[in-house]
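Worksheet for the structure shown next.
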Amino acid sequence: MKLCRFDADRLGLIRDGLVHDITDVLGRLGAYGYPLPSHDLLYAGLEDLRPHIEAAAVDAPGKPLAEVSLLSPVANPGKLVAAPVNYVKHLEEAREDAGIHFQRQIEQIQSVGLFLKATSSLIGASRSIRLRFPDRRNDHELELAAVIGRAAERVSAKDALDYVAGYCIGLDITVRGPEERSMRKSVDTYSVLGPWVVTADELGDPSNLDMHLNVNGETRQKANTRDLVLSLPELIEYASRFYTLHPGDVIFTGTPEGVGPIVPGDRIDAHIDRIGDMTVRVAAT
Ligand code: MN
């Protein structure tokens, strides 16, 4: 299944380029009071909802994708977990770029571990990335993103993909400078997820996906997930050794080489095989 959130918090099933509004199935998730669960309700309930989603889509009229406004496919992630330099060529590029002052930021993922991005930074494809510090360099990072489907605590890499609900294109936007990664990558709008989620059963094996990113039509990043230093199952094993991954938590798997600056007015076109294409605009604050 391809699922999207669109317009005013509608839930859609995408088939043949049409978005079928199946928001009514969310009524099956039940009513919650304070404190709310620490997971995303849709992803926690997705397997139970699946037959109802498919049944509802049969009668729901379709709207062309081009006519909807796409929100983040995860509304309430508890965590945005992200992998720092997780492709060898990007590690080399980052070391060259960092100069002597920032070398301490560029270490192998096996020694520095993962970082978290603020959930308040998350947007969908139809909102613009708003550059908060235009006098500093802001970079695009194209990444395969996985959405967790069930609680994962100390799971092994061999079982890890059983905990994934689906996949999205992720953009981990970064402002350069001396602050901690988690701060520089948590600016409002600096995490883009979309354009929709492709469920794990439909995508299949995430370990051999071509991806590319263009800025204003020029190719900047072109890679394949087979070149990840730590694969997605290894990232899930690593992360879940430290903290429980909950349904709706998102894992940004790291960016390949070719990161580069973006400025207001730019158009980013991102592609990952078996997920699709996502266009995002860059604007001033
Ligand atoms: Mn990144």
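Start at 1 and go down the list; that is how both ligands and their atoms are numbered.
For R220 and H140, the side-chain atoms include at least one donor-acceptor pair closer than 3.5 Å. When only modelled atom types and interatomic distance are considered, T174 and K185 share a side-chain donor-acceptor pair under 3.5 Å. Side-chain contact check for S111 and Q108: no donor-acceptor pair (N or O, by modelled atom type) lies under 3.5 Å.
E143 contributes atom OE2 as its closest N/O/S atom to the Mn ion (ligand 1). For the Mn ion (ligand 1), the nearest N, O or S atom contributed by D172 is named OD2. No other N/O/S atom of E141 lies as close to the Mn ion (ligand 1) as OE1 does.
Remark: R10 fails to qualify as a cation-pi partner of F6 under the 6.0 Å distance and 45° angle criteria applied to the six-membered ring.
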